[in-house]
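What follows is a single structure, written as structure tokens, with notes after it.
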Amino acid sequence: MLWDVEYCNVPSREKSLLKNRPQKRPLRGVPTRRLDHVNIMASDVEPNQNFLQNELGFNLRELKLGEEKTQIGAWLSVSNLVHEIAMVRDASGQKGRLHHVAFWYGYPQHLFDIADLCADYGIEIEMGPGKHGTTQAYFLYIYEPGGNRIELFGDSGYLIFDPDWETVVWDVSNKSDLEKSSIWFEPRLPESFYNYGTPSVQPVKQTIK
């Protein structure tokens, strides 16, 4: 039996946006365990993928091919992780942009915990939690204050121990591979995921007089 309860009265800055929760989740930072991978954007994926593979010793783990077998994306690693670096074609034709930096966060359930925290503290969630077909990774994408996309990885995807591993190829010129490689489940990724990178515009060249 419960009676004569004094309800919690927290300062306004600590009140949750979730009306049926009296206080925000305690904010002690996000305990990410390590840097997992980076994803860069390229005006032409293939020569960059060849450089990583042939000159730096990376293994090509997964590949996306579009019309006329044009490389749309490549996922490479030097360890048993499914990728430590990835690159995707920049539809804008620009060079040298960052798509995202990813931190390994532990387990899929942790992504729901951090999504709840982001919603309470007004941190923009671009997409997730969800699961990619490529790499089988559980993900959450957010933006940090400087405008860079951050991925929180809810596991390591699958691990590769076979020395004779054959590259997994997705033909994204067909609808099934296009959709399932990006999103195994959850709604489709927003257009910003395919188009946005940092810096968001090419820097203006200055003439020194």
Side-chain angles (χ1 to χ4, degrees), residues 36-46 48-50 52-53 58-93 97-115 118 124-143 149-162 164-197:
D36 189 86
H37 66 268
V38 294
N39 188 312
I40 57 179
M41 304 174 81
S43 58
D44 189 352
V45 171
E46 189 167 3
N48 292 281
Q49 174 260 304
N50 286 335
L52 288 171
Q53 192 173 3
F58 278 80
N59 298 301
L60 181 59
R61 303 307 195 179
E62 298 204 28
L63 186 66
K64 287 188 182 184
L65 298 178
E67 299 289 346
E68 300 180 353
K69 305 299 181 183
T70 301
Q71 289 194 13
I72 304 299
W75 286 257
L76 305 98
S77 74
V78 293
S79 70
N80 61 349
L81 295 176
V82 64
H83 72 313
E84 289 156 320
I85 187 168
M87 62 186 66
V88 293
R89 186 174 66 176
D90 193 331
S92 72
R97 297 206 297 162
L98 173 70
H99 191 271
H100 67 264
V101 174
F103 294 92
W104 184 51
Y105 190 43
Y107 301 97
Q109 177 56 45
H110 294 170
L111 296 184
F112 289 91
D113 297 336
I114 194 64
C118 287
E124 181 183 357
I125 297 174
E126 182 183 35
M127 184 63 186
K131 182 176 180 176
H132 290 305
T134 306
T135 75
Q136 295 191 38
Y138 289 89
F139 66 83
L140 176 72
Y141 290 99
I142 63 174
Y143 290 102
R149 180 186 288 107
I150 303 294
E151 180 183 14
L152 295 169
F153 230 39
D155 62 3
S156 297
Y158 61 86
L159 300 177
I160 298 171
F161 298 99
D162 181 1
D164 298 320
W165 176 263
E166 295 185 4
T167 303
V168 175
V169 178
W170 300 83
D171 179 5
V172 296
S173 64
N174 71 67
K175 184 177 180 181
S176 176
D177 273 13
L178 176 63
E179 293 182 350
K180 291 302 182 184
S181 64
S182 296
I183 295 294
W184 184 244
F185 59 75
E186 273 295 301
R188 295 181 63 182
L189 287 166
E191 285 300 313
S192 59
F193 185 82
Y194 298 102
N195 300 322
Y196 180 79

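For this chain, numbers begin at 1 and follow the sequence in order. The figures that follow rest on heavy atoms only: side chains count, while hydrogens, waters and symmetry mates do not.
Contact of the Phe153 side chain with the Trp104 side chain is registered, since non-hydrogen atoms from C-beta on lie closer than 4.5 Å. Between His37 and Glu151 there is a side-chain heavy-atom pair separated by less than 4.5 Å. By the 4.5 Å heavy-atom criterion applied to side chains, Tyr194 and Leu189 are counted as neighbours.
Using modelled atom types, one side-chain atom of Asp177 and one backbone atom of Asp171 make a donor-acceptor pair closer than 3.5 Å. The backbone N or O of Trp75 sits nowhere less than 3.5 Å from a side-chain atom of Arg61 that would complete a donor-acceptor pair. Without hydrogens or angle criteria, Thr134 side chain to Ser181 main chain gives a donor-acceptor distance under 3.5 Å. One N or O on the side chain of Thr167 and one on the backbone of Leu60 form a donor-acceptor pair closer than 3.5 Å. No donor-acceptor pair closer than 3.5 Å links the side chain of Glu124 to the backbone N or O of Ile142.
Rounding to the nearest 0.5 Å gives a distance of 8.5 Å between CG of Leu98 and CZ of Arg149. Taken from OG in Ser92 to CG in Asn195, the straight-line distance is 8.5 Å, to the nearest 0.5 Å.
Tested against Met87, the residues Val38, Ile72, Asp44, Leu52 include a single side-chain contact (heavy atoms from CB on, under 4.5 Å) partner, Leu52. A ring-ring contact (aromatic ring centres under 6.0 Å, His included) with His100 is found for exactly one of Tyr143, Tyr141, Tyr196, namely Tyr141.
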Check the pair Lys64 / Ser173 against side chain to side chain contact (heavy atoms under 4.5 Å, CB included), numbers first and verdict last. CA-CA 9 Å; Lys64 287 188 182 184; Ser173 64; over 6 Å; no

Where do Arg89 and Thr70 land on the side chain to side chain contact (heavy atoms under 4.5 Å, CB included) test, with the steps shown first? CA-CA 10 Å; Arg89 186 174 66 176; Thr70 301; 3.7 Å; yes

Trp165 vs Asn59, side chain to side chain contact (heavy atoms under 4.5 Å, CB included): CA-CA, chis, key distance, verdict: CA-CA 9 Å; Trp165 176 263; Asn59 298 301; over 6 Å; no

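A donor atom on one side chain and an acceptor atom on the other are found under 3.5 Å apart for Trp170 and Glu62. Of the N and O atoms on the side chains of Ser192 and Glu126, at least one donor lies less than 3.5 Å from an acceptor on the other residue.
By the 30° and 60° cut-offs, the orientation of the rings of His132 relative to Phe139 is parallel.
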